[in-house]
Every structure is written in C-alpha cells, then in structure tokens.
Colleague: 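Take a look at this one; I'll ask things after.
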Amino acid sequence: MPELPEVEVVRLGLAGAIPNRRIAAVSVLHPRPVRRHVGGAEDFASSLPGRSFGVPRRRGKYLWLPFADGDALMAHLGMSGQFRLDEPGSPLPPQCRVVIAFTDGGAELRFADQRMFGGLWVSPGGADGPTEIAHIAADLFDDSLDLDALAAVITTKRSGIKRVLLNQAVVSGIGNIYADEALWRARLHYDTPANQLSQTEALDLLVAAKQVMAAALAEGGTSFDALYVNVNGSVGYFGRSLAAYGRADLPCDRCGRPIVREAFMNRSSYRCPGCQPRPSAVG
DNA sequence: ACTATATCCTGTATGC
DNA sequence: TGCATACAGGATATAG
C-alpha cells in the first residue's frame, strides 16, 4: 500500500514530468475520487484548464501539486491510487478515474484507483501549504522535524505504540507495512503502551522507521501486486527486503522463530514472537 | 482532551 | 460452475 516511500517515488516521477506544463482538458470518469472537491465533479473538471503546474510536494502520504496561481491540486493515493503518465490515445490503465491532458500534447496525467479510498481535489490558496492537511504532522524526512521532541511526545501517549506510529497527527507517512518493519527492527511488540517506552527507546524506534523507509525509497518502494506502481508503471523491489510484514510462518531473520500474523485494528500485524514478545502487564 | 472503533470500496483468493 | 465470504488498510466520522 502506498506509504511515504511509495508516495515519494510517485512525487519524484511527477516532478520530472509535469512542472511548467499547462492543463488543456480534464475528464472525470468516476465521481468518487473527486468527492473532496468542494464544487463537485463538474467544477473540478472545468476549473483546471489553463493552469500550469509547479514542482510537486509531499507531507506524509499526501501530495500536492502547486499551480502557478497559488492554488494546488491535492492528491492522496489511499489504498490503491496511482498516477500514470501515458501518451494521449494510449489504452487507459485499469480503473482509470481522472484524465488530465496538457496543451503541449505530451503525456497525459492519469489517476487510476481500484478501491477509490484515494482522491483529488483543488485546494484554494494551497500551493505553499494546504489548510486541508494542517492536522497532518511532519514526516520523518521533513527537515524541520525535531526527532527528540517527537520521541518525547510519543512517550506521553497511552495507546499501544503501533497505534501511535499509525496516527498521522503524531508523525505522518507511516502505514501498516513500515510500522511492522520499524517495530521488528526496534524489537517492540505493537501493543506496548507508548508511555512505557523510554526516551531512548522511542528515539531508536523513530530512527528504525526512518531507516527502513529510506531503504525502501532507494529500491523504488514496496509492491505486492499491480496496485502500487510508479508513474511509468514500474514496480518497487523493497518487498523482498521485508523482515516481518507478510511473512507469516516464515522464519525470523534474527532468531529463526516463525513470524506470526495477528488481527489488530481491523488489519494484520506481523511480529516475531521471539524478538517482539508481548510486554508484561502494566507495571 | 483523548482513545477506540465503524465505515467506505472493489478485485482477488478461497471455501463449500 | 457458481455463489458467498474473507481480505487488503488510510483517513475520517462517530462513539465512548
């Protein structure tokens, strides 16, 4: 699923293809992905032509594509959203929802989304920081992030540590895959109360999360199937490097015990029962 | 204020 | 072969 590394791969792909290009026409093929656009689908399609893109930006899993006029096109990939850059007239990708054509007649920007948890909308005045994502915290690659301060905040939370890692208002960009990988690297059980961690333990966990996401970014992200791909349709290769996620019954790379899969927060959590034992009751 | 859960959505895999 | 069900999970609304 697209988390920070995958979204950054997409951002980089867009950065090489859309800046300074002017929109000629927009087609909305399904209304749901533009549900967050205040004026509705027709307004979305009619308000974009004539605008020119700047350099795409990202916070956590959110992308925004600034326009020269100060507004921005907001984008979230959700579970299965994809941006593709394809030549006009070429076959549409499966579940293509929105098509943006340019005045130069070059590659079109196409938004496909099977499950439609993702979406696009125009953020008025959002080019330099959309208000719609004011509640989204800095991510671990944000230069302005104070890692020590973030670790201190985490140690005040009473929730289990995985809930905290997944809370985008605390630290953004981490989803189920990299949460499990970071917890495995830090040898922590997902249900460990965050306020039972020492400052050092919290800091080590954040560093682990940043390191695993940096490694994933270097390999083009994690792809399990065609649901996550780069703007040119290529897949990422970090899936082969995962130590916990998706490895139920396979041996832990550290201790050899089989990784277990457990239901947690309406999804799956993977951990090593040897390296990441359930914490003792509250003490 | 804080924490936890239900909901949305569809293609794929699995079971009977 | 066909139908039903489980599963994948990010963000938000709602409940506690």
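Computed over heavy atoms, backbone and side chain alike; hydrogens, waters and symmetry mates excluded. Every chain is numbered from 1 and lettered A, B, ... according to where its sequence line falls, protein lines coming before strand lines.
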Colleague: Between A:Leu63 (CG) and C:dA11 (P), how many Å, whole number?
Modeller: 12 Å
Colleague: Heavy atoms under 4.0 Å, any strand shown: does A:Arg32 hit a base, just sugar-phosphate, or nothing?
Modeller: sugar-phosphate
Colleague: Is it the case that over 12 heavy atoms from other parts of the model lie below 6.0 angstrom from the CG atom of A:Asp249?
Modeller: no
Colleague: Measure CZ/A:Arg267 against C1'/C:dC7 and give the value in whole Å, please.
Modeller: 12 Å
Colleague: First and last nucleotide of DNA chain B in contact with chain A, 5' to 3', at under 4.0 Å to a heavy atom: what are they?
Modeller: B:dT3 to B:dG11
Colleague: Can a donor-acceptor pair be found, under 3.5 Å and without considering hydrogens, that links the side chain of A:Glu3 to the backbone of A:Gly175?
Modeller: yes
Colleague: Can you see which heavy atom on A:Ile154 is nearest to which on A:Ala194, and at what distance?
Modeller: O-CB, 3.2 Å
Colleague: To the nearest angstrom, how far is A:Arg35 atom CZ from C:dT12 atom C1'?
Modeller: 10 Å
Colleague: Reckon A:His30 touches a base, only the sugar-phosphate, or nothing at all at heavy-atom distances under 4.0 Å?
Modeller: nothing
Colleague: Round to the nearest Å and state the distance from A:Trp121 atom CH2 to C:dT12 atom C1'.
Modeller: 12 Å
Colleague: Exactly one of A:Leu140, A:Val171, A:Leu205, A:Leu4 should register a side-chain contact (heavy atoms from CB on, under 4.5 Å) with A:Lys210. Which one does?
Modeller: A:Leu140
Colleague: Nearest whole Å is fine: how far is C:dA11 P from A:Lys61 NZ?
Modeller: 4 Å
Colleague: Quick one: is C:dA11 close enough that its OP1 or OP2 comes under 4.0 Å of any side-chain N or O from A:Arg36?
Modeller: no
Colleague: Show me the protein contacts with nucleotides 13-16 of chain C, counting only N or O atoms at under 3.5 Å.
Modeller:
none

Colleague: Check the side chains of A:Arg261 and A:Ser268 for a donor-acceptor pair under 3.5 angstrom, ignoring hydrogens and angles.
Modeller: yes
Colleague: For A:Leu77 and A:Val10, which heavy atoms make the closest approach, and how far apart are they?
Modeller: CD1-CG2, 4.2 Å
Colleague: So does A:Asp204 pair up with A:Arg185, basic N to acidic O under 4.0 Å?
Modeller: no
Colleague: Verify, without hydrogens or angle tests, whether A:Arg97 (side chain) and A:Asp113 (backbone) share a donor-acceptor contact under 3.5 angstrom.
Modeller: yes
Colleague: Between A:Arg59 and A:Asp142, does any side-chain N to carboxylate O distance fall below 4.0 Å?
Modeller: no
Colleague: When we call it a touch if two heavy atoms are under 4.0 Å apart, what does A:Phe264 touch: a base, just sugar-phosphate, or nothing?
Modeller: nothing
Colleague: Under a 4.0 Å heavy-atom cut-off, which of residues 149-162 of chain A touch DNA chain B?
Modeller: A:Lys157, A:Arg158, A:Ser159
Colleague: Answer yes or no: is there an ion pair linking A:Asp139 with A:Arg58, defined by an N-O contact shorter than 4.0 Å?
Modeller: yes
Colleague: Between atom CG in A:Asn266 and atom C1' in C:dT12, what is the gap in whole Å?
Modeller: 14 Å
Colleague: Whole angstrom is fine here: how far is it from CE in A:Met79 over to C1' in C:dC7?
Modeller: 9 Å
Colleague: Have a look at A:Arg261 and say if it touches a base, only the backbone sugar-phosphate, or nothing, with a 4.0 Å heavy-atom cut-off.
Modeller: sugar-phosphate
Colleague: Under a 3.5 Å distance rule, please check whether A:Glu181 uses its side chain to pair with a backbone N or O of A:Tyr245 as donor and acceptor.
Modeller: yes
Colleague: What nucleotide among C:dT12, C:dG10, C:dC7 has an atom nearest to a side-chain atom of A:His76?
Modeller: C:dG10
Colleague: Just call it for A:Asp113: base, sugar-phosphate, or nothing, with non-hydrogen atoms closer than 4.0 Å on any strand.
Modeller: nothing
Colleague: Within this structure, what is the CE-to-C1' distance between A:Met116 and C:dA11, rounded to whole angstrom?
Modeller: 16 Å
Colleague: Ignoring backbone atoms, test whether A:Ser80 places a side-chain nitrogen or oxygen under 4.0 Å from the OP1 or OP2 oxygen of C:dA8.
Modeller: no
Colleague: Does the side chain of A:Ser90 pick up a donor-acceptor pair with the side chain of A:Arg110 at under 3.5 Å?
Modeller: yes
